[in-house]
Amino acid sequence: MSSEFQRHRRLRKTDSMRAMLRETFLRKEDLIYPLFIVEGTGVKQEVSSMPGVFHYSLDLLKAEMDEIVGLGLQSVIVFGVPAHKDDKGTSAYEKDGVVQQGISFIKKHYPQLTIIADTCLCQYTDHGHCGVIQDGNVLNDESLELLAKTAVSQARAGADIIAPSNMMDGFVAAIRGGLDEAGFVDTPIMSYAVKYASAFYGPFRDAAQSTPQFGDRKTYQMDPSNRLEAIREAQSDYEEGADFLMVKPALAYLDILRELKDRFPLPLVAYNVSGEYSMIKAASQNGWIDEKAVVLEKLIGMKRAGADLIITYFSKDAAKWIDEDKQ
Ligand code: PBG
């Protein structure tokens with residue numbers, strides 16, 4: 001009785017051997033931390049459905065930024081929560097809009113950091129949709145112009161990467177054209193190429209005050225049942241010149257991450273969204289799960305599925321845990 005079966009356990013015998021044979025790694029450089037910036041002064045307000053995630057006004061952003069940089073994180077993605085909303089999302093592309101101010105502030109004080117700007121209209125429109133509305137429909141081509149304008153204003157403010165999350169058709173081409181024309185030929189586009197109409201965005205919509213005031217986003221965000229459609233979406237963004245592809249949400253879509261990784265030679269980003277964060281927070285606050293172990297396991301799962309980078313509200317915690325585990 002000896003060689004009728006494989007002895008896989010031979011390679012798992014010691015810590016040292018397990019470390020030598022580890023295939024996937026999570027690095028601080030892989031993590032992107034989302035920031036919510038609001039207007040006004042003296043605001044540091046916790047998002048009730050996202051414990052540990054705060055809204056900051058500009059004057060209080062410094063302490064948060066010092067922590068982020070101190071932990072060794074390399075990148076933030078910035079969301080603005082404006083005081084003024086209208087039907088065209090004007091405050092998304094104002095020179096002194098909340099996000100533009102936030103970006104310039106970070107750029108000035110933390111020039112070593114990579115600043116990603118989320119390019120969408122839903123936080124800025126009074127109807128909460130990601131484009132221009134006419135007779136209850138979200139117009140595609142009319143929205144593209146505003147999105148390109150938004151991207152250019154974010155690049156002018158100092159954004160290093162433009163991340164359009166609106167899911168209009170042709171947004172990569174339109175934004176690329178706008179950026180190039182304005183002289184930002186070297187500003188990359190991180191396309192939310194595959195974005196599902198997901199219930200996991202619930203807590204974010206509280207945080208960004210961007211719940212649609214009528215209907216839903218199913219005419220532009222994707223049906224969770226679809227895989228081929230994800231490939232088509234990614235293909236067109238690839239052809240239009242996207243520099244990164246993103247899949248969002250992450251956990252229920254790990255198969256899509258793998259699919260895109262195998263098909264497209266571009267850096268791939270997973271967005272570990274708000275609902276995925278809040279569930280783990282709630283369970284760990286109840287003492288039902290080991291937060292650190294669960295978070296590190298799911299982040300490594302996203303990397304193993306093919307993600308090169310992960311946008312996650314757990315970035316600061318994960319950076320601390322990565323340091324802890326090194327000691
Ligand atoms: C804006 C946008 C959304 C998220 C990021 N950018 C929400 C949406 O489409 O409603 C979700 C992020 C999260 O849930 O963490 N279009």
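If you read the sequence from its start, that first residue is 1, and numbering goes on from there.
The pair Asp317-Lys292 does not meet the salt-bridge criterion, since no charged nitrogen lies less than 4.0 angstrom from a carboxylate oxygen. Using a cut-off of 4.0 Å between Lys/Arg side-chain N and Asp/Glu carboxylate O, Arg263 and Glu259 are scored as salt-bridged. Note on Lys44 versus Glu64: no salt bridge recorded, every NZ/NE/NH1/NH2 to OD/OE distance being 4.0 Å or above. Taking the charged nitrogens against the carboxylate oxygens, Glu67 and Lys316 do have a contact shorter than 4.0 Å, which makes a salt bridge. The existence of a salt bridge linking Lys303 and Asp308 is excluded, since no basic side-chain nitrogen approaches an acidic carboxylate oxygen closer than 4.0 Å.
The shortest distance between side-chain heavy atoms of Met168 and Val138 falls below 4.5 Å.
Considering every non-hydrogen atom in both Ser57 and Gly42, the closest pair reads OG-N, 3.2 Å. Pairing each heavy atom of Pro51 with each of Gln285, the nearest pair is CB-NE2, 3.5 Å.
Atom OG of Ser284 is separated from atom CG of Asp290 by 9.0 Å, given to the nearest 0.5 angstrom. Atoms CG and CD1, on Leu245 and Ile256 in that order, are 12.5 Å from each other to the nearest 0.5 Å. Asp169 contributes atom CG, which lies 13.0 Å from atom OH of Tyr220 (distance to the nearest 0.5 angstrom).
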Please report, to 0.1 Å, the donor-acceptor pairs under 3.5 Å made by any side chain of residues 20-27, with sequence neighbours excluded.
{"unit_1": "Arg27", "atom_1": "NE", "unit_2": "Asp30", "atom_2": "OD1", "d": "3.1"}
{"unit_1": "Arg27", "atom_1": "NH2", "unit_2": "Asp30", "atom_2": "OD1", "d": "3.1"}

*Would you sort out whether Phe171 and Asp237 count as a side-chain contact (heavy atoms from CB on, under 4.5 Å), showing the intermediate values?*
CA-CA 8 Å; Phe171 70 77; Asp237 289 10; 3.7 Å; yes
*Please test Val152 against Arg156 for side-chain contact (heavy atoms from CB on, under 4.5 Å), starting from the C-alpha separation and ending with a verdict.*
CA-CA 6 Å; Val152 169; Arg156 272 201 188 111; 3.5 Å; yes
*Can Tyr277 and Asn272 be said to form a side-chain contact (heavy atoms from CB on, under 4.5 Å), step by step?*
CA-CA 7 Å; Tyr277 173 83; Asn272 176 213; 5.7 Å; no
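The aromatic rings of Phe204 and Phe79 sit perpendicular, their planes meeting at an angle over 60°, well past the 30° parallel limit.
Environment of CD in Glu181: sparse, with no more than 12 heavy atoms of neighbouring residues, nucleotides or ligands closer than 6.0 Å. Within 6.0 Å of atom CD in Glu324, more than 12 heavy atoms from other residues, nucleotides or ligands are found, so the atom counts as buried in its surroundings. Applying the 6.0 Å contact sphere to CG of Asp186 captures no more than 12 heavy atoms from other residues, nucleotides or ligands.
Put simply, the side chain of Asn137 never gets that close to the backbone of Leu139: no donor and acceptor are under 3.5 Å apart.
Looking at residues two or more places apart in sequence or on another chain, you find a side chain to side chain contact (heavy atoms under 4.5 Å, CB included) between Met279 and Phe200.
Separation of the Phe54 and Phe36 ring centroids does not fall under the 6.0 Å cut-off.
Screening Met190, Met246, Lys195 for a side chain to side chain contact (heavy atoms under 4.5 Å, CB included) involving Ser165 leaves a single residue, Lys195. When Arg12, Arg18, Met17 are each tested for a side chain to side chain contact (heavy atoms under 4.5 Å, CB included) with Thr14, only one passes: Met17.
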